K.L.:
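This is the structure I have questions about; it appears just below.
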Number of protein chains: 2
Amino acid sequence: MVNSKNILSSVEEKCVERGIRLTPRRRQVLDVLVQEEAALSAYEIAQRCNADSDNPMPAMSVYRILDFLQEQQFVHRLETANKYISCSHLSCAHEHLQPQFLICNSCRRVEEIDLSSSAVAAMASAASAAGFASISSQLEVNGLCDRCVHANA
Amino acid sequence: MVNSKNILSSVEEKCVERGIRLTPRRRQVLDVLVQEEAALSAYEIAQRCNADSDNPMPAMSVYRILDFLQEQQFVHRLETANKYISCSHLSCAHEHLQPQFLICNSCRRVEEIDLSSSAVAAMASAASAAGFASISSQLEVNGLCDRCVHANA
DNA sequence: TAAGATACGATACACTGTATCATTTAGTTG
DNA sequence: CAACTAAATGATACAGTGTATCGTATCTTA
């Protein structure tokens, strides 16, 4: 179980700094994502919000709130899966660059990683060889996490 | 203009080898994709098929045919865009590994590339550091191609 | 030719995301 | 505090995408 209270209060501070509002609705959506190791679709998020609250969360609001949370880099969107996951640096002070993700094909959990600069450089050089100038990329790499490998062994 | 006739007859041979059928419908879909430098959605493919034929191509058929063409590795699916593109190795004899793509954010054309083994190794090591065992990845990297960079300069 | 497998046509439908309206809430200013 | 403005939310309708399913046609093989 994640200690979402600390994380959320850290987010709260950032919102104050930036002069934006972490409304109850936004906090509710973010909380759902922080609790979750796997990525969730917008409609899955709405379901979880409705599970532990009598005030129904419309899917429309989820999309709007996700847009907001993405702009603030509090959540990331996995483009290959059309799902959302909370940023792993919510409690950190430093800004981070383009994120990269490892997605387990078995348990669906997601790890946010930082690629080494050599790997990025190798990709840039492959791109330039193929006639592409700049690249800016959010890599999403599928695989099997250690837990699942051992579980199936 | 691509010489789709040669490419398609090469595909035809492969189908004979594999004991599968390249029906007129399948050929029609593949032809549309071979002509196109950019990736197309299923519905866009259906539209192009209907543009130069009076026999309407239902979207349903396009999906089925795309499934087939993907299984045979004649086309690839860009997961970030939900679009399809013909394999760049249709005339080659050799099998190829997991493909990687560069996608131009301006003109939308797509290049299929082979990453250097060093880049792949660097990624594998980053993955293992994050607790992921095997990775198998179709990388889709967005950027700007040289043509568009020069055009906007 | 008959039987089975494969491919295709057609309809309905579920899911996802957007457009657009009204309504409420929060923040600001006189 | 009252009035105004902007931001956030509620609610409805709808477009686009992909799937399920059933029936029909075509090909293959005995």
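Chain naming here is simple, since letters A, B, ... match the order of the sequence lines and numbering starts at 1 in each. The figures here come from the full heavy-atom set of this structure, side chains too, leaving out hydrogens, waters and symmetry mates. All figures in this text were calculated on a predicted structure; none of them were measured in a lab.
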K.L.:
Using a strict threshold of under 4.0 Å (side-chain N to carboxylate O), is an ion pair present between Arg108(A) and Glu44(A)?
P.N.:
no
K.L.:
Has Ser41(A) got a side-chain N or O lying under 4.0 Å from the OP1 or OP2 atom of dC15(C)?
P.N.:
no
K.L.:
Output the distance between atom CD (Glu79(B)) and atom CG (Asn142(A)), rounded to the nearest 0.5 Å.
P.N.:
6.5 Å
K.L.:
Nearest-nucleotide wise, let me know which of Arg21(A) and Asp67(B) is further upstream toward the 5' end of DNA chain D.
P.N.:
Arg21(A)
K.L.:
Send over the distance from Phe68(B) CZ to dT6(C) P, rounded to a whole Å.
P.N.:
12 Å
K.L.:
Rounded to whole Å, please give me the gap between CD1 in Ile45(A) and P in dC15(C).
P.N.:
17 Å
K.L.:
Less than 4.0 angstrom between a side-chain N/O of Asn82(A) and OP1 or OP2 of dG17(C), yes or no?
P.N.:
yes
K.L.:
Could you go through the side-chain contact (heavy atoms from CB on, under 4.5 Å) check for Leu139(A) and Val141(B) one step at a time?
P.N.:
CA-CA 7 Å; Leu139(A) 294 183; Val141(B) 181; 4.1 Å; yes
K.L.:
Whole angstrom is fine here: how far is it from CG in Asn55(A) over to P in dT25(C)?
P.N.:
11 Å
K.L.:
Whole angstrom is fine here: how far is it from CD1 in Ile20(A) over to C1' in dG27(C)?
P.N.:
16 Å
K.L.:
Would you check if the side chain of Lys83(A) reaches a backbone N or O of Ala38(A) as a donor-acceptor pair within less than 3.5 Å?
P.N.:
no
K.L.:
Going 5' to 3' on DNA chain D, which nucleotide is the first and which the last to come under 4.0 Å of a heavy atom in chain A?
P.N.:
dA7(D) to dA11(D)
K.L.:
Check the distance between dG17(C)'s C1' and Lys83(A)'s NZ and give it to me in whole angstrom.
P.N.:
16 Å
K.L.:
Of Ile20(B), Ile65(B), Val11(B), which meets side-chain contact (heavy atoms from CB on, under 4.5 Å) against Arg26(B)?
P.N.:
Ile65(B)
K.L.:
Tell me whether the side-chain N or O atoms of Arg64(B) pair up with the base of dG9(C) as donor and acceptor below 3.5 Å, since no angle test is needed here.
P.N.:
yes
K.L.:
Expressed in angstrom and rounded to an integer, what is the separation of Tyr63(A) atom OH from dC15(C) atom P?
P.N.:
12 Å
K.L.:
Holding to side chain to side chain donor-acceptor pair (under 3.5 Å), I want the full list of residues that pass it with Asn82(B), two or more places apart in sequence or in another chain.
P.N.:
Arg77(B)
K.L.:
Rounded to whole Å, please give me the gap between CE in Met60(A) and P in dA19(C).
P.N.:
9 Å
K.L.:
Can you check whether Thr80(A)'s main-chain N or O pairs, donor with acceptor, with Glu140(A)'s side chain at less than 3.5 Å?
P.N.:
yes
K.L.:
Take atom CD of Glu71(B) and atom C1' of dA7(C), then tell me their distance rounded to the nearest Å.
P.N.:
13 Å
